[in-house]
There are 2 protein chains.
Amino acid sequence: MLLFTERLFGTGHVSIKEKIRQEAMILFAEKGYSAVSMRQVATLAKVSVAGIYHHYPDKKALYLDAIRFAFSGKEDIFNTVWVMQCSPEKTLTLFIRALFDVLLADRTFHRLMQYEIMEADGERLQLLAQSVFHQQFSLLIRLVQQLAPTQDAHLMATTIIILVEGTLRAQPINRYFPGRKAEHDQVEVMAEHVTQVVLKALQAH
Amino acid sequence: MLLFTERLFGTGHVSIKEKIRQEAMILFAEKGYSAVSMRQVATLAKVSVAGIYHHYPDKKALYLDAIRFAFSGKEDIFNTVWVMQCSPEKTLTLFIRALFDVLLADRTFHRLMQYEIMEADGERLQLLAQSVFHQQFSLLIRLVQQLAPTQDAHLMATTIIILVEGTLRAQPINRYFPGRKAEHDQVEVMAEHVTQVVLKALQAH
DNA sequence: GTCTATATGGCGATAGAC
DNA sequence: GTCTATCGCCATATAGAC
């Protein structure tokens, strides 16, 4: 993400506004909107509080810009999956793994997404749905329809996303349940398990 | 939940402390810990702020008591499922439906759980795991082992819980994805879908 | 056991110098 | 465009009357 801005502004240089947004994004992801103060953002961004208000009218505008930035460009990562010409089963396997990788690679993004799903109103949910998931969801539905034409594609598509995101979300608490093994935290194991569950679910009954 | 206290204290009477806890619980579930002020709790509980501090040393203690109360007794609802003598498949179907019903019947509980999973440290995650899920999880693991002895019971048990909770959690945003039908919000449809996915996943390959 | 009054500090946001 | 200084308010928490 930083690489993009570095390309725009030269070696290593990031504008003050971008620095503010970046630190705000991280703080909002860690603690949620209410638990973050403008003073904390200012300290981490190495500006004064008034400096923030030069770039943003209020705290909410800063938050909206932060999530808008965090959610942008996420769909591109999946391009390699859909571009490849392989069997539907293999494509599904790659998609599930790619979804795991995206969420694991950007924990800030994942947590902002979780907070938004819990706290956003309809308008912001729509932004999240369209800017992050819409394209992937449509392609996923088509894939499901290829694999299992008789099943409810919307239900299955949401189930696939839920399984991946939920598996990662449940990681911390899973440590406190019986039968836990160290290998359950490996992305290969998680992705393989989810893939098997989904492929079996897509078989005709 | 109120019925229990009513039995203890006579017709309709609820102690001030319980009223404070009750209103705090609802507020914390709606907005999260940081977004709730002692003043708001005091107003809804019809006491002064100082009145709260007579019963609780600080805000965190009030929060901990609220979630402890919200999480207590939830396991009892599943007793009817495990007591019944029927096939493993039928038991699993009943458990999934019961889990849906618990989360749907007590949205306050569900939201407190979501916030805890996001924000709690290890100690509080352990409290959540033990007081809410531990018994159910063990029984669920045994059930999975009956249905699919060769599979990883821990992974499948978590998958089942994730599918139910995730399906409900995704409801609001699902409205903004293509292919959404009104029937997808019916608990019967959701439970049937999850049950089918899980039963297929448990079949030997 | 509940109240009014208050202490103390952090909050979001602004004014005005440079 | 960034700063220091400050506003007015609300936050958690306490003191002490009744």
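Below, chain A is the first sequence line, B the second, and so on; all start at residue 1.
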What class does the angle between the rings of B:Phe71 and B:Phe109 fall in, given that below 30° is parallel, 30 to 60° is tilted and above 60° is perpendicular? perpendicular
Taking for each residue the nucleotide of DNA chain D with the nearest heavy atom, is it B:Lys59 or A:His55 whose nucleotide lies nearer the 5' end? A:His55
Aromatic rings A:Tyr63 and A:Tyr33: how do their planes relate, parallel, tilted or perpendicular, breaks at 30° and 60°? perpendicular
Return the orientation label for the B:Phe177 and A:Phe133 ring planes: parallel under 30°, perpendicular over 60°, tilted otherwise. perpendicular
Can you tell me how the ring of A:His154 sits relative to the ring of B:His184, calling it parallel under 30°, perpendicular over 60° and tilted otherwise? parallel
Listed in order of residue number, which residues of residues 26-49 of chain A have a non-hydrogen atom at under 4.0 Å from DNA chain D? A:Val47, A:Ser48
Establish, yes or no, whether the cationic atom of A:Lys59 lies under 6.0 Å from the six-membered ring centre of A:Tyr53 and within 45° of the ring axis. no
More than 12 heavy atoms of other residues, nucleotides or ligands under 6.0 Å from CD of A:Glu188: is that the case? yes
I'd like to know if B:Glu119 and A:Arg111 make a salt bridge, using a cut-off of under 4.0 Å between side-chain N and carboxylate O. no
Phosphate-side-chain proximity, A:Tyr53 and C:dA13, N/O vs OP1/OP2 below 4.0 Å: yes
Using a 4.0 Å cut-off to any heavy atom of chain A, which nucleotides of DNA chain D are the first and last in contact, reading 5' to 3'? D:dG1 to D:dT4
For A:Arg68, I'd like to know if atom CZ has over 12 heavy atoms of other residues, nucleotides or ligands within 6.0 Å. no
